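What follows is one structure encoded as structure tokens, with my remarks underneath.
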Amino acid sequence: MKDTAFHDTHHVADQLIKEILDGRYQPGDFIPKELEICRQSGLSRNVVRRHLGALVNGGIIERISGYGSRVREFSQWHILDPAVTDWITRFGGPHLEIQREILSFRLTVEPWVAMMAATSATARDLVAIEEAFEGMQRHHLDEDTTRHDHCDVSFHVALYYATHNIVWSQLSHVLRPSIHLLVSQSNTRTLDPGHSLESHRRLMDAVRMRRGDEAYHAATAVLEDTAHALNMDITPAPMPAHLPVSATSVS
């Protein structure tokens with residue numbers, strides 16, 4: 001850890017997680033001990049211990065008596081902990097494993113969410129989805145993708161809410177930072193923003209027309225576009241046997 005790493009108490013955990021996600025500390029590596037961090041930061045041991053405790057609570061590091069704190073495998077991180085998702089959103093952009101795991105999860109879950117939304121969405125839900133899409137449409141060619149990204153995330157969150165399932169609705173709060181991470185990375189890298197917009201339009205139309213099977217396939221197509229933009233080869237979850245194969249799946 002660099003001597004210039006800290007300026008206030010909030011930078012202790014932030015700097016450590018940034019260096020872990022940047023690869024400075026790999027799983028199995030020991031991070032600097034509390035006294036060393038205190039020396040570098042000028043902070044009290046209680047303050048440093050509290051911030052290390054936040055990383056322990058997030059499953060990112062583990063304390064080993066007599067040795068110090070060691071970075072845990074990514075699979076052991078509490079990835080749905082709001083503090084962890086916030087760190088990942090702010091510092092995990094270049095971390096390909098994180099992007100791959102989030103995308104794999106979304107490919108498994110969101111087609112089902114879209115299918116549920118198609119059967120459960122109210123008029124208010126449809127307005128929220130359409131307003132988010134209209135924002136994407138207005139800003140999809142902006143050089144700065146910030147406003148487009150915000151609308152893109154809102155589009156997906158609105159689908160979760162449209163299921164009217166309390167678990168999915170609440171999960172959207174937890175997933176929002178992770179969704180934003182993929183959205184911001186893929187929208188920056190895509191070579192064909194118009195194609196992505198059209199994929200979202202097909203998803204919106206399927207939900208609006210109450211066509212659950214089409215919504216399932218359309219949601220899969222949206223996420224496959226994300227995988228392509230991120231240059232990732234990820235296989236979608238097996239399609240439910242009762243759903244007809246979409247035309248785009250055959251082609």
Side-chain angles (χ1 to χ4, degrees), residues 85 89 102-103 105-230 236-237 239-240 243-244 246-249:
T85 54
T89 301
I102 294 171
L103 183 55
F105 174 81
R106 291 182 62 197
L107 268 166
T108 302
V109 167
E110 288 192 19
W112 288 97
V113 168
M115 187 165 59
M116 292 174 65
T119 60
S120 303
T122 65
R124 180 174 295 181
D125 296 322
L126 295 176
V127 168
I129 294 169
E130 291 168 6
E131 287 181 345
F133 177 80
E134 289 169 1
M136 293 173 62
Q137 192 170 36
R138 284 195 303 273
H139 300 296
H140 83 284
L141 294 178
D142 290 359
E143 185 174 350
D144 180 353
T145 66
T146 301
R147 287 180 291 186
H148 178 273
D149 294 349
H150 173 77
C151 295
D152 197 338
V153 174
S154 296
F155 179 94
H156 292 282
V157 169
L159 287 174
Y160 278 86
Y161 273 103
T163 66
H164 288 274
N165 177 282
I166 190 171
V167 177
W168 290 123
S169 298
Q170 291 299 312
L171 190 59
S172 70
H173 287 291
V174 179
L175 293 176
R176 190 178 190 114
S178 299
I179 294 172
H180 183 271
L181 172 63
L182 290 191
V183 163
S184 61
Q185 292 292 316
S186 61
N187 286 340
T188 300
R189 300 181 193 180
T190 184
L191 299 178
D192 190 355
H195 177 77
S196 175
L197 186 68
E198 185 58 30
S199 294
H200 282 78
R201 184 196 298 276
R202 286 195 292 268
L203 174 52
M204 176 183 67
D205 288 344
V207 172
R208 188 163 49 190
M209 298 298 291
R210 309 293 184 185
R211 295 172 178 166
D213 56 339
E214 291 182 17
Y216 183 98
H217 292 303
T220 301
V222 166
L223 292 167
E224 287 177 336
D225 287 346
T226 301
H228 181 72
L230 296 175
M239 186 180 67
L243 289 185
S246 69
T248 55
S249 297

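What you see is a predicted model; the values in this text were computed from it and never measured.
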Go through the structure and list residues passing side chain to side chain contact (heavy atoms under 4.5 Å, CB included) with A229, not counting sequence neighbours.
S186, T190
Sequence neighbours left out, what pairs pass salt bridge (Lys or Arg N to Asp or Glu O under 4.0 Å) with at least one residue falling in residues 109-122?
R106-E110
Going from CZ on R202 to CZ on R211, what distance comes out if it is rounded to the nearest 0.5 angstrom?
14.0 Å
Across all chains, not counting sequence neighbours, the ring pair (Phe, Tyr, Trp, His ring centres under 6.0 Å) partners of H156 are H200
Under the rule for salt bridge (Lys or Arg N to Asp or Glu O under 4.0 Å), what residues qualify as partners of R176, not counting sequence neighbours?
none
Please find the pair of heavy atoms, one from S120 and one from R210, that lie closest to each other, and give the distance.
C-NH1, 4.2 Å
Main-chain N/O of D192 paired to S196 side chain as donor or acceptor, under 3.5 Å:
no
Does anything in residues 126-138 pair up under side-chain hydrogen bond (donor to acceptor under 3.5 Å, both in side chains), and if so which pairs, sequence neighbours excluded?
E130-R208
Between M115 and G212, what is the shortest heavy-atom contact and its length?
CG-O, 3.5 Å
Keeping to residues at least two apart or across chains, list the ring pair (Phe, Tyr, Trp, His ring centres under 6.0 Å) pairs with something in residues 128-148.
none
According to salt bridge (Lys or Arg N to Asp or Glu O under 4.0 Å), who are the partners of R124, at least two apart in sequence or on a separate chain?
none
Side-chain donor-acceptor pair under 3.5 Å between D225 and S199, yes or no?
yes
Which pairs pass salt bridge (Lys or Arg N to Asp or Glu O under 4.0 Å) with one or both residues in residues 144-165, sequence neighbours excluded?
D142-R147
Nearest atoms (heavy-atom pairs only) where S154 meets A132
C-CB, 4.0 Å
Working to the nearest 0.5 angstrom, can you tell me the gap between Q185 CD and I102 CD1?
10.0 Å
Sequence neighbours excluded, every pair satisfying ring pair (Phe, Tyr, Trp, His ring centres under 6.0 Å) that has a member inside residues 169-192
Y161-H173
Go through the steps for L203 and L159 under the test side chain to side chain contact (heavy atoms under 4.5 Å, CB included), then give the verdict.
CA-CA 10 Å; L203 174 52; L159 287 174; 3.7 Å; yes
Can you name the salt bridge (Lys or Arg N to Asp or Glu O under 4.0 Å) partners of R201, sequence neighbours left out?
E198
Without swapping roles, check the side chain of S184 against the backbone of L181 for a donor-acceptor pair under 3.5 Å.
yes
To check you understand the geometry: which heavy-atom pair defines the closest contact between A219 and A114, and what is its length?
CB-CB, 3.7 Å
Looking at CG of L197 and CG of N187, how far apart are the two atoms once the value is rounded to the nearest 0.5 Å?
10.0 Å
Which residue pairs pass the side-chain hydrogen bond (donor to acceptor under 3.5 Å, both in side chains) test when at least one of the two sits in residues 162-171, sequence neighbours left out?
D125-H164
Quick one, I179 with Y160, criterion side chain to side chain contact (heavy atoms under 4.5 Å, CB included). Give me CA distance, side-chain angles, the key distance, then yes/no.
CA-CA 12 Å; I179 294 172; Y160 278 86; 4.2 Å; yes
Can you confirm whether P193 sits close enough to L141 that some side-chain heavy atom of one is under 4.5 Å from a side-chain heavy atom of the other?
yes
Any residue meeting side chain to side chain donor-acceptor pair (under 3.5 Å) with T188, in chain and number order, not counting sequence neighbours
none
